[in-house]
S.K.: 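Before anything else, here's the structure in question.
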Amino acid sequence: MIVSSIDKYLLNRRNLLGASLGVFLGAGKSFSNVTEKNKTYDTNLGFSGSFDPYNPTHNTLAFCKLMADTRPEVETCGYFKGDVLAYLGQDTKLEPLFGYEGFGVTRTHQIGDYKWQKFHKEVAYYTDLKSGEILEDWYNPIIDERVRVVPVHNDAVNSVWAPTYSFMIGPKKVTKEFIFPWLLIGDNAVVDFGVNTTVPATLQPEEWPRESHGRITQVMEAIQLHTKISELIDPERTSIQVTGSWQRIAPWLPWMLMGQRSGHLFYKTITRKMTEGVESLPPHIYDYTRKNFPDYFKAPTEWKIPNVSSYEVYAREMKPQSFKK
């Protein structure tokens with residue numbers, strides 16, 4: 001989910017300028033059309049011996065090493081685990097509802113010096129707080145009703161990482177640099193940033209009276225990534241270990257059938273890049289995915305846009321429910 005949040009971070013920076021949602025990084029199509037097979041690029045994987053957090057080319061390479069691998073034949077796995085809590089108002093404390101656990105698989109393809117296409121998809125499951133088992137149905141104590149649980153499965157979540165990205169504001173083309181906030185202390189490097197998005201809700205109340213949280217979807221995400229500078233600037237490393245956290249404040253999930261009830265969800269997770277591969281995932285996650293979503297052990301092989309959100313998956317696969325009588 002962190003890789004998705006990085007894309008949202010870039011989208012959010014662009015949205016502050018009033019651009020529409022359809023042209024992120026030239027929408028990717030133009031890049032995919034000019035990709036040259038078997039071409040190599042003279043990208044210095046060692047940052048010429050010193051990492052500059054304000055250099056957009058260094059940021060691009062760093063994120064490729066952090067979130068994936070610079071080699072196109074290597075896929076990387078990112079794992080996350082945590083809890084989801086409910087906020088119902090100022091007179092109640094946040095209460096944990098269920099766990100949240102999953103992973104994403106990423107592959108890159110270099111399309112220019114310090115430019116990569118990112119191919120990514122992800123699954124996430126809601127789990128029982130006590131047993132850790134993946135939930136397929138859940139008793140919602142807030143509405144006193146048992147509901148069907150719908151896991152997250154997003155394919156695809158693609159983007160382009162490049163030193164600059166351009167978009168149109170009316171007839172004017174605007175170009176921004178790819179730079180993230182870094183904190184460097186000794187040999188430790190930390191990226192700490194947030195994402196705030198406000199978009200029209202995919203599920204509108206008229207058609208989805210029980211599933212829709214309203215006309216607008218507001219989401220805040222907070223991301224931290226931790227690594228070592230010595231590993232980051234090692235020219236022999238095409239990928240490096242990273243740990244961190246991902247937190248999210250978001251509306252009720254559609255399958256919770258909460259409608260426009262006041263309140264929201266708070267996700268808190270820890271994250272880790274699984275350099276050992278998908279085989280090192282927890283057995284219950286690996287086995288459930290093998291049975292239900294076997295295609296998600298591999299990154300996408302084709303360039304697809306636009307990206308798919310969980311709300312869009314829900315709208316495609318589910319039917320609106322009537323109000324409980």
S.K.: List the atom pairs, with distances to 0.1 Å, where a side-chain N or O of residues 86-95 and a protein N or O form a donor-acceptor pair under 3.5 Å, not counting sequence neighbours.
M.R.:
residue, atom, partner, partner atom, Å
Tyr87, OH, Gln90, N, 3.2
Thr92, OG1, Gly89, O, 3.2

S.K.: What residues, two or more places apart in sequence or in another chain, satisfy ring-ring contact (aromatic ring centres under 6.0 Å, His included) together with Trp252?
M.R.: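 Once residues adjacent in sequence are excluded, Trp252 has no partner under the ring-ring contact (aromatic ring centres under 6.0 Å, His included) criterion.
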
S.K.: Sorted by first residue and then second, give each salt bridge (charged side-chain N to carboxylate O under 4.0 Å, His left out) pair with at least one member in residues 249-268; sequence neighbours left out.
M.R.: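 Matches after skipping sequence neighbours: Asp83-Lys268.
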
S.K.: Please work out which of the three classes, parallel, tilted or perpendicular, describes the rings of Phe51 and His58, given edges at 30° and 60°.
M.R.: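 Answer is parallel, since the angle falls under 30°.
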
S.K.: Output all residues satisfying side chain to side chain contact (heavy atoms under 4.5 Å, CB included) with Arg272, sequence neighbours left out; order by chain, then residue number.
M.R.: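 So Arg272 forms a side chain to side chain contact (heavy atoms under 4.5 Å, CB included) with Gln241, Thr243, Met274, Glu276.
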
S.K.: Sequence neighbours left out, what passes salt bridge (charged side-chain N to carboxylate O under 4.0 Å, His left out) with Asp287? Give chain and number order.
M.R.: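 Arg290.
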
S.K.: Got a sec, which residues hit salt bridge (charged side-chain N to carboxylate O under 4.0 Å, His left out) with Lys273, two or more places apart in sequence or on another chain?
M.R.: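 For Lys273 there are no salt bridge (charged side-chain N to carboxylate O under 4.0 Å, His left out) partners, ignoring immediate neighbours.
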
S.K.: My understanding is that only residues two or more places apart in sequence, or in another chain, count here; which of them pass side chain to side chain contact (heavy atoms under 4.5 Å, CB included) with Val313?
M.R.: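 Side chain to side chain contact (heavy atoms under 4.5 Å, CB included) check on Val313 returns His153, Asn154, Val308, Arg316, Glu317.
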
S.K.: Show every side-chain hydrogen bond (donor to acceptor under 3.5 Å, both in side chains) that has at least one partner inside residues 133-142, sequence neighbours left out.
M.R.: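 Sorted result for residues 133-142: Glu136-Tyr288, Asp137-Arg146, Tyr139-Asp144.
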
S.K.: List in chain and number order the residues that pass salt bridge (charged side-chain N to carboxylate O under 4.0 Å, His left out) with Arg237, two or more places apart in sequence or in another chain; answer none if no residue qualifies.
M.R.: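 With neighbours one apart ignored, the set is Asp234.
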
S.K.: Checking the side chain of Glu312 only, and the main-chain atoms of Ser309 only, is there a donor and an acceptor separated by less than 3.5 Å?
M.R.: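 Side chain of Glu312 to backbone of Ser309, a donor-acceptor pair under 3.5 Å: yes, one is there.
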
S.K.: How would you list, by chain and number, every residue that makes a side chain to side chain contact (heavy atoms under 4.5 Å, CB included) with Glu279, sequence neighbours excluded?
M.R.: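 Scan of Glu279 (side chain to side chain contact (heavy atoms under 4.5 Å, CB included), adjacent residues dropped) gives none.
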
S.K.: Which residues pass the side chain to side chain contact (heavy atoms under 4.5 Å, CB included) test with Ile216, sequence neighbours left out?
M.R.: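 Expected list: Thr198, Gln218.
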
S.K.: Keeping to residues at least two apart or across chains, list the side-chain hydrogen bond (donor to acceptor under 3.5 Å, both in side chains) pairs with something in residues 60-76.
M.R.: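 Sorted pair list: Asp69-Arg71, Asp69-Thr238, Arg71-Thr238.
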
